[in-house]
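As the structure is a computational prediction, the values presented were derived from the model and not from experiment. Sequence lines set the chain letters: A, B, ... in the order given, protein chains first and strands last, and positions in each chain run from 1.
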Protein chains: 2
Amino acid sequence: MNEKEFLAAYNKGSFEAPLVTVDAVLFTYQDGQLKVLLVERSNHPEKGKWALPGGFISENEDKTLEDTVTRKLKEKTGVVPPYVEQLGTFGGACRDKRGWSVTICYTALIAHQACESKLETISDVAWLPIEKVKKMHLAFDHLKIINKAHERLIQKALYSIIPAYALPRKFTLPELQQVHEVIIGKPLQKKSFRRRIEQAELLADTGEKRTERGRPATLYSLRAGSGKYTFVRNLEQ
Amino acid sequence: MNEKEFLAAYNKGSFEAPLVTVDAVLFTYQDGQLKVLLVERSNHPEKGKWALPGGFISENEDKTLEDTVTRKLKEKTGVVPPYVEQLGTFGGACRDKRGWSVTICYTALIAHQACESKLETISDVAWLPIEKVKKMHLAFDHLKIINKAHERLIQKALYSIIPAYALPRKFTLPELQQVHEVIIGKPLQKKSFRRRIEQAELLADTGEKRTERGRPATLYSLRAGSGKYTFVRNLEQ
DNA sequence: TTCACTAAGTGTCAGTTGGTCACTTATGGT
DNA sequence: ACCATAAGTGACCAACTGACACTTAGTGAA
């Protein structure tokens, strides 16, 4: 079938288009764990199972795919996460029993504190530790998607300071190192970590300190405009 | 609109789903240049303009998105490229005048020799040098997509030997270096390049040599099973 | 006020990697 | 036999990274 034939069938409605959704793997750091935001499905198929937050494109409200994902995340968390990046698109004939489906997935990071109030008002949404999630049986192929998002996040933790977006605006270097360690799953050398971060010149010293047992730690924030230049070495993506 | 309402509208046909296509940026190395395979559009919209090869998902023929992209590339080149990787998905309300559209894009590499015979039989398909393409006015947002694919390919040329897939099965290290240099757009140091490649242990010495002025060059081939382990350093993608 | 405890942050050295460039090697042609 | 040409290597230096001991700045108890 060529393009002309396809479009003729499509316009007649005699062609079944794939179901298109936009989903997000939203990470945060809470209680020393890396957590993922999941939603309990209230509709068939896969009713009752945990799934990634997401939904259908709204041709009225959305101009871009990013509009869709941020709209959906705002519905669940009340805020737009500071970091959102496309992860990949998963599609196929068998991933949804209704037939061919395609989901465009995003990875996002947020400080859990930023959306605490909203989350308390919704019962079917929860932060779940990624280690626990990996043993669960999620809806569709969402576990595969989460695994891919985690793999990518590990790479980012090794070569960038993007994990900082999982923390509140002000944070200490030891805190940031903990986030990296939890993401990667193994301890990092303090000196090497700090060197890497400092060389990147992507953090701004707020001048403030935080004290709680031991020497006070300097509070840093992500430098303005570091959105696209968050990489420590001259790698990209 | 929640999921239930959406699905009700969708099933009634009262909801206009986005037009979903799968496209590919297929690169090759020919005559000292990096080239991209483009197709001249024979249908509205954008009729007559050059566009990326691609098309609609066939719910009969395709089980996965990779099936769609390889099927489409085989239609144009006669063969399935040895390297195909998802690049990203581009969607929005304005990129196609017909309304909301989504295109899932792939990057692919192939030796131009592998598809020469087929290409001679199709008149509206051509290898165009990327430098020329960047100054052209392509259909839809395809130039933006090609630029993104090129940026990603540059990163791969810096840290992997994936560009080897743009060459025939057997090639010399100086040839591979040329491909990398053309992709990156600047010369590379011979010794550093060779060290990087050798350390990766991803090439197999075929035992053969190729002579044409000067000392004969050793012919290498990509090691079997190096498909997913093509990276020189322990980076990922 | 002094001392112990804790955790942040630094100094330093050794091993590794990467850039540079001159050198050697293998071939064909004069 | 020698030269031209291009492949492939040796060797040095600078930069980066890991490892770990050390110093520093705070709290709280004697």
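Non-hydrogen atoms lying under 4.0 Å from DNA chain D are contributed by Pro174(B), Lys190(B), all within residues 172-190 of chain B.
For the side-chain contact (heavy atoms from CB on, under 4.5 Å) test, residues two or more places apart in sequence or in another chain that qualify with Gln86(A) are Leu65(A), Ile104(A), Tyr106(A), Thr89(B). Shown here are the side-chain contact (heavy atoms from CB on, under 4.5 Å) partners of Thr211(A), two or more places apart in sequence or in another chain: Pro216(A). Residues passing the side-chain contact (heavy atoms from CB on, under 4.5 Å) test with Asp31(B) are Lys35(B), sequence neighbours excluded. Contacts of Thr21(B) classified as side-chain contact (heavy atoms from CB on, under 4.5 Å), with partners at least two apart in sequence or in another chain: Asp23(B), Phe56(B), Thr103(B). Every residue was checked against the salt bridge (Lys or Arg N to Asp or Glu O under 4.0 Å) condition with Lys63(B), not counting sequence neighbours, and none meets it.
Across Thr28(B), Leu153(B), Val84(B), a single residue satisfies side-chain contact (heavy atoms from CB on, under 4.5 Å) together with Leu109(B), and that is Leu153(B).
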Do any side-chain atoms of residues 111-119 of chain A form donor-acceptor pairs under 3.5 angstrom with protein atoms, and if so which ones, sequence neighbours left out?
residue   : atom : partner   : partner atom : Å
His112(A) : ND1  : Gln30(A)  : NE2          : 3.3
His112(A) : ND1  : Glu116(A) : OE2          : 3.4

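Minimum atom distance to the side chain of Gln199(A) is reached by dT17(D), of the listed dT10(C), dA7(D), dT17(D).
Contact check, Thr218(B) against dG8(D): a side-chain N or O comes under 4.0 Å of OP1 or OP2.
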Please tabulate, one pair per line, each protein N/O and nucleotide N/O from nucleotides 24-28 of chain D that are separated by under 3.5 Å, including the distance.
residue : atom : partner   : partner atom : Å
dT24(D) : O2   : Arg215(A) : NH1          : 3.2

Every protein N/O lying under 3.5 Å from an N/O of nucleotides 10-14 of chain D:
residue : atom : partner   : partner atom : Å
dG10(D) : N7   : Lys191(B) : NZ           : 2.7

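Applying the ring pair (Phe, Tyr, Trp, His ring centres under 6.0 Å) definition to pairs two or more places apart or across chains, none involves residues 21-40 of chain A. The salt bridge (charged side-chain N to carboxylate O under 4.0 Å, His left out) pairs that include a residue from residues 166-193 of chain B are Lys170(B)-Glu208(B), Glu175(B)-Arg210(B), where partners are two or more places apart or lie in different chains. Within the structure, every pair that satisfies the ring pair (Phe, Tyr, Trp, His ring centres under 6.0 Å) test and touches residues 187-206 of chain B, not counting sequence neighbours, is listed here: His180(B)-Phe193(B).
Atom C1' of nucleotide dA7(D) and atom CZ of Phe193(B) are separated by 14 Å, given to the nearest angstrom.
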